[in-house]
Amino acid sequence: MEQRKKKSEDLRSYRWYGAKDLRSFGHRSRTAQMGYDASDYVGKPVIAIVNTWSDINPCHTHFKERVEDVKRGVWQAGGFPLEMPAMTLSEPFQKPTTMLYRNFLAMEVEELLRSYPFDGCVLMGGCDKTTPGLLMGALSMDLPAIFLPAGPMLRGNWNGVTLGSGTDTWKYWADLRAGKISEKEWNGIETGIARSPGHCMTMGTASTMTSAAEALGFTLPGFASIPAVDSRHAQQSSLTGKRIVEMVWEDQKPSDFITVKSFDNAITAVLALSGSTNSLVHLVAVARRAGIPLTIDRFDELAHCTPVLGNIQPTGQFLMEDFYYAGGLRALLAELGDLIDGSQMTVNGCALGDNICGAKILNEEVIRCRSNPLVARDGLAVLHGNLAPDGAVIKPPSMETRLLQHKGPAIVFRDYNHMASRIDDPALQVTADSVIVLQNAGPIGAPGMPEWGQLPIPKKLLEAGVRDMVRISDARMSGTSYGACVLHVAPDSL
Amino acid sequence: MRAPRRTGFLVGGPLAFVRDGDLIALDVPGRTIDVLITDEEMSRRKAVWTAPAPKFERGYGVLNQLHVTQANKGCDFDFLEEPMGAATGSKIPEIH
């Protein structure tokens, strides 16, 4: 541990517990009411464990156990842990989209940390928007903060076939609509595609954002790649609890380690993983909370020189469990070499370069070497034009290359219901060269910019074997999705 | 203290003015996305465009409607973007 920069009297919580007045009597007597003796908390850092567990969030089912692991660590390091439930953002269930509520969670985190006697916090999240929501709130308050990533679920399995979250849903749904698999087979996939706690195990938004959080310096090294049910996930949770207590004494706040360059590291990691397009919206929002004027064009600049090394679905072939066994994010960052600024500091008090030093790629198919990348560059591309004066994004590695330069007539749907009612109409004047346009699906229009951006391909074209078309909207797209989808068109169409 | 900004709804981006049959050109290597109509035609369409009615009249939906920023700015609420400082908020509440 670094030398303590703070004394007990300097702790923020001391104002609640340490004063000798009527209010502090109330705080102490009510803490006693919860079964704690003064020796449990007097003079100790009070740690908020912000837990986005909920009965309706399948990605966080293990958080009920993990919060106990964190508490064990906090107690052992001489802190006083208090679990603080915060709104969960359950990607599969929350409508119209979790994105509408990301800012709600961010506000809740900020106000929880402001209004209660906390000296530091552990942020427990992982399901897509929970990660940016937690980071945004914590950055605004700027108390010592450490992120606990939920970890991916195990590989899906059905009849011996490996299944990837989301990505294989879209694939087999297209096959079902094209008559290539039966209803019975579809039902079998339903029970096997998500078979353990943890978030999507493809390189969807969850894995993208937890990996970005690690590259930013917000997690213990290597944590974001560990599957949720692996015992090493519990071990890291306990260590996270220990570390936050040290961070309070060292007064290590996000503003002490978050920089323009740490955001470049996070973006480079996302690009090398061929991560979710959602990362643009989230990382820009997180950066701006830290006073860093990140723009989406920075993603395009870094994409020019960043190879895709993570061979993970939907761009690649493997899943997060394979990625972990192949060395995980530490090995990938180490392989990126000079593309990563190793001098940036992280929550464990060490520089990122020290944390990834010596990490080796253990399977060169899953994590490619720079000499043999999956895609040489341009994992994401930012577009401008008279349709998107403020920008739009596309994911070139996940689209058919014949569409990289394409001209075609628009078929316009004014909203989602309009599209849903017409897309499979046999009379719809559409060919494989048409460009499908969806309006009113943006941050205001939808509202919440739902993940509708992988617009459906008309059934008659699916049956004819078409699997990709140019599609344009002001919506987002699930990180597990793929195709020639122009997304995030700004300003939005409403 | 300054008044909170209103990002405002009813943005009316150009995507709203695309019509069936318009030619659209995507050029990923060139980083462009355009609808092949003239600026004059775009302006004409904008002039006759009527914004849909706001979807929310109360609650959190209104907060989002009034304050969410566009995708290129991260879709945060405009009044939360500022880093906290003396004028924009306090890290420690008063205890009385």
Side-chain angles (χ1 to χ4, degrees), chain A residues 12 15-16 23 99-100 103-104 106-107 114-115 136 140-142 281-282 284-285 288-291 296 300 381-392 394 396 403-412 435 437 439 442-444 447-449 470 472 474 486 488-494, chain B residues 7-37 39 42 51-52 54-56 60-61 63-77 80-85 88-96:
Chain A
R12 194 172 171 275
R15 295 184 63 248
W16 275 261
R23 294 294 171 223
M99 183 63 193
L100 184 58
N103 298 346
F104 195 117
M107 290 175 79
R114 190 198 322 277
S115 58
M136 287 161 72
S140 286
M141 266 304 286
D142 201 31
V281 179
H282 296 319
V284 165
R288 291 167 73 97
R289 289 293 185 105
I296 55 173
D300 199 273
V382 174
L383 311 171
H384 291 272
N386 73 354
L387 255 187
D390 293 335
I394 194 165
L403 297 172
L404 284 169
Q405 284 175 306
H406 180 82
K407 210 177 282 182
I411 294 186
V412 182
V435 174
V437 175
Q439 299 168 333
I444 305 169
M449 210 184 168
V470 174
I472 304 176
D474 42 10
V486 178
H488 306 194
V489 166
D492 78 348
S493 60
L494 188 80
Chain B
T7 296
F9 44 94
L10 315 179
V11 173
L15 189 67
F17 314 129
V18 180
R19 293 179 184 170
D20 278 340
D22 286 346
L23 268 185
I24 290 181
L26 168 68
D27 180 358
V28 176
R31 299 292 191 266
T32 58
I33 180 75
D34 289 289
V35 53
L36 304 182
I37 60 173
D39 293 347
M42 185 75 93
K55 288 194 174 167
F56 298 93
Y60 182 76
L63 192 67
N64 183 75
Q65 220 160 241
L66 289 176
H67 294 290
V68 74
T69 65
Q70 287 292 305
N72 59 310
K73 296 285 174 67
C75 297
D76 202 355
F77 292 156
L80 293 171
E81 285 180 321
E82 291 287 324
M84 212 181 310
T88 50
S90 169
K91 285 174 70 170
I92 300 182
E94 293 183 5
I95 300 176
H96 295 301

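Every chain is numbered from 1, with letters handed out A, B, ... down the list of sequences.
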Chain B heavy atoms under 4.5 Å from [X]: which part of the residue, side chain, backbone, both or neither?
| X | answer |
| --- | --- |
| A:Leu403 | backbone |
| A:Val470 | side chain |
| A:Arg23 | side chain |
| A:His488 | both |
| A:Arg288 | both |
| A:Pro443 | both |

Out of [options], which one racks up the most heavy-atom pairs below 4.5 Å with chain B?
| options | answer |
| --- | --- |
| A:Ser115, A:Ala290, A:Gly385 | A:Gly385 |
| A:Val412, A:Val284, A:Ile394 | A:Val412 |
| A:Ile296, A:Val435, A:Val382, A:Leu383 | A:Leu383 |

Most chain A-contacting option - heavy-atom pairs closer than 4.5 Å, from [options]:
| options | answer |
| --- | --- |
| B:Val35, B:Thr32, B:Leu36 | B:Val35 |
| B:Asp39, B:Asn72, B:Leu63 | B:Asn72 |
| B:Leu23, B:Val18, B:Ile95 | B:Ile95 |

(request) Say whether, by atom type as modelled, one donor and one acceptor occur between the side chain of B:Asp34 and the main chain of A:Asn386 under 3.5 angstrom. (result)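 The answer is yes, because a donor-acceptor pair under 3.5 Å joins these two groups.
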
(message) Donor-acceptor pair, distance only, cut-off 3.5 Å: does the side chain of B:Gln65 make one with the backbone of B:Pro54?
(response)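 A pair under 3.5 Å: no.
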
Point-to-point distance, once rounded to the nearest 0.5 Å, from [atom1] of [X] to [atom2] of [Y]:
| X | Y | atom1 | atom2 | result |
| --- | --- | --- | --- | --- |
| A:Asp492 | A:Met449 | CG | CE | 8.0 Å |
| A:Asn103 | A:Met136 | CG | CE | 4.5 Å |
| B:Leu26 | A:His406 | CG | NE2 | 8.0 Å |

(message) Which atoms of B:Phe17 are under 4.5 Å from chain A, going by heavy atoms: the side chain, the backbone, both sets, or neither?
(response)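 For B:Phe17, the backbone is the part near chain A, not the side chain.
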
(request) Evaluate the side-chain proximity of B:Lys73 to A:Asp390: yes if any heavy-atom separation is below 4.5 Å, no if none is. (result)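 Answer no - side chains too far apart.
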
(request) State, yes or no, whether a side-chain contact exists between B:Ile33 and A:Ile472 at a heavy-atom distance under 4.5 Å. (result)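 Of all side-chain heavy-atom pairs linking A:Ile472 with B:Ile33, at least one is under 4.5 Å.
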
(request) Determine which pairs satisfy salt bridge (charged side-chain N to carboxylate O under 4.0 Å, His left out) with at least one residue from residues 15-32 of chain B, sequence neighbours left out, and list them in order. (result)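 Sorted result for residues 15-32 of chain B: A:Asp300-B:Arg31, A:Asp378-B:Arg31, B:Asp22-B:Arg45.
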
(request) With sequence neighbours left out, write down each residue that passes side-chain hydrogen bond (donor to acceptor under 3.5 Å, both in side chains) with B:Asp76, or none if nothing qualifies. (result)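 Counting only residues at least two positions away or on another chain, B:Asp76 forms a side-chain hydrogen bond (donor to acceptor under 3.5 Å, both in side chains) with A:Arg289.
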
